[in-house]
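Input: a single structure, listed below in structure tokens.
Only this structure's heavy atoms are used, side chains among them; waters, hydrogens and symmetry mates stay out. Chain naming here is simple, since letters A, B, ... match the order of the sequence lines and numbering starts at 1 in each.
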Number of protein chains: 2
Amino acid sequence: MNQPRDIVKKLTEHGYRLTPQRLMIVSAIEDSDGHISAEEIYAQVIAKYPQVNISTVYRTLELLKKLGLVTETDFGEGRVRYHPAGKGHHHHLVCQECGAIVDLDESVLVPLKNVLLREYGFSADLRHLAIFGRCVKCSQ
Amino acid sequence: MNQPRDIVKKLTEHGYRLTPQRLMIVSAIEDSDGHISAEEIYAQVIAKYPQVNISTVYRTLELLKKLGLVTETDFGEGRVRYHPAGKGHHHHLVCQECGAIVDLDESVLVPLKNVLLREYGFSADLRHLAIFGRCVKCSQ
DNA sequence: AGGTATATTGCAAGCTTTTGCAATTACAAC
DNA sequence: GTTGTAATTGCAAAAGCTTGCAATATACCT
Ligand SMILES: [Zn+2]
Ligand SMILES: [Zn+2]
Ligand SMILES: [Zn+2]
Ligand SMILES: [Zn+2]
């Protein structure tokens with residue numbers, strides 16, 4: 001599991017600077033339940049460091065995504081949520097009718113990943129998906 | 001294949017009004033290559049009907065989505081693209097490294113759809129996906 | 001410790017999409 | 001055809017996210 005320490009290590013390894021802003025943003029993500037929004041990260045950061053700008057939050061999230069340290073998932077709420085890669089992978093089924101969200105084990109996507117790799121040589125980044133549709137109740 | 005006429009039929013069947021704005025928006029989508037953005041639809045509409053507002057375009061797209069007449073796909077461009085459901089289903093593999101986009105037959109997603117239905121009773125709406133990752137060339 | 005290069009930040013402006021509200025319009029009923 | 005009613009629209013503002021640029025700060029070198 002990635003702890004802030006590991007993320008910090010990966011940042012320095014890649015030549016990125018350790019700024020107080022980045023450290024606080026990383027901590028906010030790691031301390032979350034794993035489905036945190038940019039605005040929620042921002043709120044936590046400015047509580048301790050009020051002059052930080054939200055564009056720094058977005059730029060840091062983009063960097064962490066690029067390094068594979070966080071995933072970005074759209075649950076259809078009008079804002080996107082972030083998950084630290086170190087907290088384990090899974091997916092979600094989102095009912096567009098009633099809003100119910102069911103968790104899905106990572107293994108369900110493995111066959112698709114394999115087909116894409118075998119038949120297209122394509123390494124699909126399928127971590128922490130939100131799959132939309134209709135749940136059992138709403139399909140009647 | 002849905003023609004504008006079929007979309008019009010479905011709108012009236014469901015009790016929605018046929019406004020000139022809606023008719024022009026539907027035509028723009030049907031006349032497109034199947035990957036049209038809201039801004040592009042808007043440009044076509046105001047060429048003939050200059051007082052139309054772009055929020056009407058977005059509201060109409062939301063309605064057509066709800067009725068299953070168009071799909072919405074994010075290719076990672078910072079804007080979303082729309083596809084008329086009547087033009088047939090397929091998916092895309094999008095390389096995050098070089099930007100290459102490969103088409104994918106609809107059948108590749110069928111096993112996943114079936115597993116979700118069998119094991120979770122969930123009817124996944126997996127039409128016209130953009131799957132991100134790395135293409136063969138960029139995986140070396 | 002001090003100096004330097006350049007990565008990073010804050011700020012302001014911009015882009016895409018959504019939303020509240022009052023004015024308008026489609027459609028049904030007469 | 002007129003009227004009534006509710007759906008739809010245009011407008012303006014706002015929400016979420018991105019970007020250009022000048023100012024700042026980190027990490028490296030001495
Ligand atoms: Zn999750
Ligand atoms: Zn449901
Ligand atoms: Zn397509
Ligand atoms: Zn590529």
(request) Could you check how far CZ of R79(A) sits from C1' of dA14(D), rounded to whole Å? (result) 13 Å
(request) Could you tell me whether the phosphate oxygens of dT8(C), OP1 or OP2, come under 4.0 Å of any side-chain nitrogen or oxygen in R22(A)? (result) yes
(request) State whether a side-chain donor-acceptor pair under 3.5 Å links D105(A) with H90(A). (result) no
(message) Are H35(A) and Y82(A), when compared by the centres of their aromatic rings, separated by less than 6.0 Å?
(response) no
(request) Inspect the contact between K87(B) and E30(B) and indicate whether a charged nitrogen and a carboxylate oxygen are less than 4.0 angstrom apart. (result) no
(request) Provide, to the nearest angstrom, the distance between the CD atom belonging to E77(B) and the P atom belonging to dT18(D). (result) 14 Å
(message) Rounded to whole Å, please give me the gap between CD1 in I41(B) and P in dT16(C).
(response) 14 Å
(request) Identify the residue among T56(B), I7(B), L63(B), T19(B) that makes a side-chain contact (heavy atoms from CB on, under 4.5 Å) with I25(B). (result) T56(B)
(request) Say whether T73(A) and H128(A), considering side chains only, have a donor N or O and an acceptor N or O under 3.5 Å apart. (result) yes
(message) Run H83(A) and H89(A) through ring pair (Phe, Tyr, Trp, His ring centres under 6.0 Å) and show every step you take.
(response) CA-CA 9 Å; H83(A) 181 87; H89(A) 299 154; 7.5 Å; no
(message) With a 4.0 Å cutoff (strictly under), does any side-chain N or O of Q21(B) reach OP1 or OP2 of dG10(D)?
(response) yes
(message) Tell me the interatomic distance from L18(A), atom CG, to dT8(C), atom C1', rounded to whole angstroms.
(response) 12 Å
(request) Measure from the side chain of R17(A), starting at C-beta and using heavy atoms only, and say which of dT17(C), dC17(D), dA5(C) lies closest. (result) dA5(C)
(request) Nearest whole angstrom, please: distance from the C1' of dT9(C) to the CG of L23(A). (result) 14 Å
(message) If you assign A38(B) and T19(B) each to the DNA chain C nucleotide with the nearest heavy atom, which residue ends up on the more 5' nucleotide?
(response) A38(B)
(message) Whole angstroms only, please: what is the CG-P distance between D74(B) and dT18(D)?
(response) 11 Å
(request) Give the rounded distance in Å between these two atoms: NE2 of H14(B) and C1' of dT8(D). (result) 18 Å
(message) Pick the closest DNA chain C nucleotide for Y16(B) and for E72(B) by heavy atoms, then say which residue is nearer the 5' end.
(response) E72(B)
(message) Let's see if you get this right: which residues in residues 49-66 of chain B place a heavy atom under 4.0 Å from DNA chain D?
(response) Q51(B), V52(B), N53(B), S55(B), T56(B), R59(B)
(request) State plainly whether the residues E106(A) and R127(A) are in salt-bridge range, i.e. N to O under 4.0 Å. (result) no
(message) Is it the case that atom CZ in R134(B) sees more than 12 heavy atoms from other parts of the structure closer than 6.0 Å?
(response) no
(message) Whole angstroms only, please: what is the CD1-P distance between I46(B) and dT9(D)?
(response) 16 Å
(message) Can you tell me if R22(B) has over 12 outside heavy atoms packed within less than 6.0 Å of its CZ?
(response) yes
(request) May I ask you to say what G78(A) touches in the nucleic acid, namely base, sugar-phosphate or nothing, with a heavy-atom cut-off under 4.0 Å? (result) sugar-phosphate
(request) For the helix from dA1(C)-dT30(D) to dC30(C)-dG1(D), figure out the bend between the end axes, five pairs an end, and round to 10 degrees. (result) 30°
